**Q** 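My questions all concern the structure below.
Note that the structure is a prediction, hence the values are computed from the model and not measured.
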Amino acid sequence: MGNENYYCFTAEECHSGMRIDKLLSIACPDVSRSLAAKIIADGLVQVNEKTISKSCTVNSGDNITALIPEPEVLDVKAENIPLEIIYEDDHLLVVNKPKGMVVHPAAGNYTGTLVNALMYHCGDRLSSINGVIRPGIVHRIDKNTSGLLIVAKTDAAHTGLAAQIKEHSFTREYRAVVCGRFKEQEGTVNAPIGRHPSDRKKMTVTERNSKHAVTHYTVMEEFSGYTLMKLRLETGRTHQIRVHMAYTGHPVLGDDVYGKPWKGIDGQCLHAGRIGFVHPITYEYLEFESELPQYFCEVLDKLRRM
């Protein structure tokens, strides 16, 4: 049937009431819950000859068919790009991404990305859940944001890490320099984020087609017209910190999308400095920190002299 595997089976009594995506991840070899959800969304799964949604529950005796595509051959090239690896084992690694590096290939950026570097370092030992363009990538940080990122080597590790992100149990702490000064020394921004209605490349605070988004902040140091902040993500929406800070009237310094450029740095002054999570295989809690990079320290030195 081409580059795909065909499965046909009957749900048993022990499967009654189970969601179809969970059942597929149990019944079909090498099918994760995430992959099951994707092929269901693609219309490749039927229950009693009817296409269904991933939230469909099955009954004993239901006839289930599924077409599982073979993994695509990755045409993104491995590149010998230096990586700063903070931690690595057989299941995952934590890298310190430099400012200016794109995380995964996309239109206009097929080389020089973190994925190209990871493919050289790890070979074929990267999770396949996010497909051929984003192997191993569980979560992302923007091109001009520096700092810590977790990469999954196996699908099992990827699934476990993604579940923690969904449950908001990850520790993700950032440092940022923002424009202006806050009245309060700490607080929370609780404002939903969705796609900007007129500029599809931007996100914005909106009630329409949005997702719940929460950022906790603490003032660390104040300057003349600027503030060094510690920011902790409770959720992880696209551009969340940048959007939330702009929403409060304090855009991240140098953010040329949600604020304005700042002479001397390329893009926002934002660093993912601390990350903590439960290892998805060993269940040990791990936490890592990254020192502020040189560009960030130079900005702080300049602000302290102003």
Side-chain angles (χ1 to χ4, degrees), residues 34 37-38 41 54-55 97 99 101-104 106-107 109 114 129-130 133-134 137-150 161-180 182-184 186-220 226-262 267-277:
S34 298
K38 183 179 186 304
K54 67 179 182 180
S55 60
K97 185 189 83 68
K99 184 182 183 71
M101 175 181 271
V102 175
V103 169
H104 61 79
N109 285 292
L114 180 64
I129 286 177
N130 268 338
I133 297 297
R134 294 185 289 168
I137 302 302
V138 183
H139 65 116
R140 293 173 289 175
I141 54 178
D142 300 329
K143 173 184 177 181
N144 284 326
T145 299
S146 54
L148 299 176
L149 198 72
I150 306 172
L161 291 166
Q164 291 180 58
I165 291 175
K166 186 176 182 180
E167 294 163 1
H168 312 312
S169 60
F170 255 42
T171 297
R172 284 182 285 178
E173 192 174 282
Y174 288 70
R175 297 289 186 273
V177 175
V178 303
C179 300
F182 282 75
K183 293 181 179 179
E184 309 85 8
E186 59 182 31
T188 297
V189 182
N190 186 343
I193 292 176
R195 190 69 59 181
H196 194 284
S198 59
D199 187 343
R200 302 301 292 174
K201 294 182 179 180
K202 293 175 65 174
M203 309 300 288
T204 189
V205 169
T206 178
E207 295 290 341
R208 184 179 179 183
N209 297 324
S210 59
K211 293 183 178 180
H212 176 64
V214 178
T215 305
H216 304 284
Y217 66 84
T218 302
V219 171
M220 297 186 70
Y226 301 95
T227 306
L228 173 63
M229 307 289 291
K230 177 172 69 177
L231 301 126
R232 181 173 62 82
L233 292 180
E234 184 172 314
T235 56
R237 308 307 176 200
T238 301
H239 299 174
Q240 179 172 316
I241 288 175
R242 298 165 63 192
V243 171
H244 272 175
M245 289 299 97
Y247 175 69
T248 66
H250 303 284
V252 178
L253 179 67
D255 190 339
D256 55 4
V257 176
Y258 301 102
K260 59 183 180 180
W262 200 66
Q268 64 274 3
C269 193
L270 182 62
H271 179 69
R274 187 161 70 98
I275 196 162
F277 57 97

**Q** When rounded to the nearest 0.5 angstrom, what is the spacing between CG in L114 and CD1 in I137?
**A** 5.0 Å

**Q** Between NZ of K143 and CE of M101, what distance do you get to the nearest 0.5 Å?
**A** 11.0 Å

**Q** If you take all heavy atoms of M203 and Y258, which pair is closest and at what distance?
**A** N-OH, 2.8 Å

**Q** Charged N to carboxylate O under 4.0 angstrom, D142 versus R242?
**A** yes

**Q** Check whether more than 12 heavy atoms from other residues, nucleotides or ligands sit under 6.0 Å from atom NZ of K38, and answer yes or no.
**A** no

**Q** Which of these passes side-chain contact (heavy atoms from CB on, under 4.5 Å) with H244: L231, V214, T215?
**A** T215

**Q** Testing the basics here: between H139 and L149, what is the closest heavy-atom pair and its distance to 0.1 Å?
**A** O-CD1, 3.2 Å

**Q** With a 4.5 Å cut-off on side-chain heavy atoms, are Y226 and C179 touching?
**A** yes

**Q** Provide the closest heavy-atom pair for A191 versus Y247 in the form atom of the first, atom of the second, distance.
**A** CB-CE2, 3.9 Å

**Q** Do I165 and V138 pass the side-chain contact (heavy atoms from CB on, under 4.5 Å) test, and can you show the C-alpha distance, the side-chain angles, and the key distance before you say yes or no?
**A** CA-CA 9 Å; I165 291 175; V138 183; 3.7 Å; yes

**Q** Does the side chain of R195 reach to within under 4.5 Å of the side chain of K202, using non-hydrogen atoms?
**A** no

**Q** So which atom in P261 and which in D256 form the shortest heavy-atom distance, rounded to 0.1 Å?
**A** CG-CB, 3.8 Å

**Q** Is the shortest side-chain heavy-atom distance between F170 and L233 below 4.5 Å?
**A** no

**Q** Considering all heavy atoms of both residues, which atom of E207 and which atom of P192 are nearest to each other, and what is their separation?
**A** OE2-CG, 3.7 Å

**Q** Would you say I193 and S210 make side-chain contact, with heavy atoms under 4.5 Å?
**A** no

**Q** Any sub-3.5 Å donor-acceptor pair from T227's side-chain atoms to M229's backbone N or O?
**A** no

**Q** Please tell me whether Y174 and H271 form a close aromatic pair, meaning their ring centres lie under 6.0 Å apart.
**A** no

**Q** Using a 4.5 Å cut-off on heavy atoms from C-beta on, say whether the side chain of N190 contacts that of H212.
**A** yes

**Q** Please report the shortest heavy-atom distance between V102 and H104, naming the atom on each side.
**A** CG1-O, 3.2 Å

**Q** Determine whether the aromatic ring centres of F182 and Y217 lie less than 6.0 Å apart.
**A** yes

**Q** Please confirm whether the backbone N or O of M245 pairs with a side-chain atom of H250, one donor and one acceptor, at under 3.5 Å?
**A** no

**Q** Supply the atom-to-atom distance T218 OG1 to E184 CD, rounded to the nearest 0.5 angstrom.
**A** 12.0 Å

**Q** I'd like to know if the side chain of K99 and the backbone of N144 have a donor-acceptor N/O pair within less than 3.5 Å.
**A** yes

**Q** Find the distance between CD1 (I241) and CZ (R172) and round it off to the nearest 0.5 Å.
**A** 9.0 Å

**Q** Is the backbone N or O of E234 less than 3.5 Å from a side-chain atom of H168, with the two atoms forming a donor-acceptor pair by type?
**A** yes

**Q** In Å and rounded to the nearest 0.5 Å, what is the OG1 to NZ distance from T145 to K97?
**A** 6.5 Å

**Q** Look up atom CG in L148 and atom CD1 in I141, then write down how far apart they are to the nearest 0.5 Å.
**A** 7.5 Å

**Q** When you compare the side chain of T171 with that of F277, does any pair of heavy atoms fall below 4.5 Å?
**A** no

**Q** Quick one: are P197 and T204 in side-chain contact, heavy atoms under 4.5 Å?
**A** yes

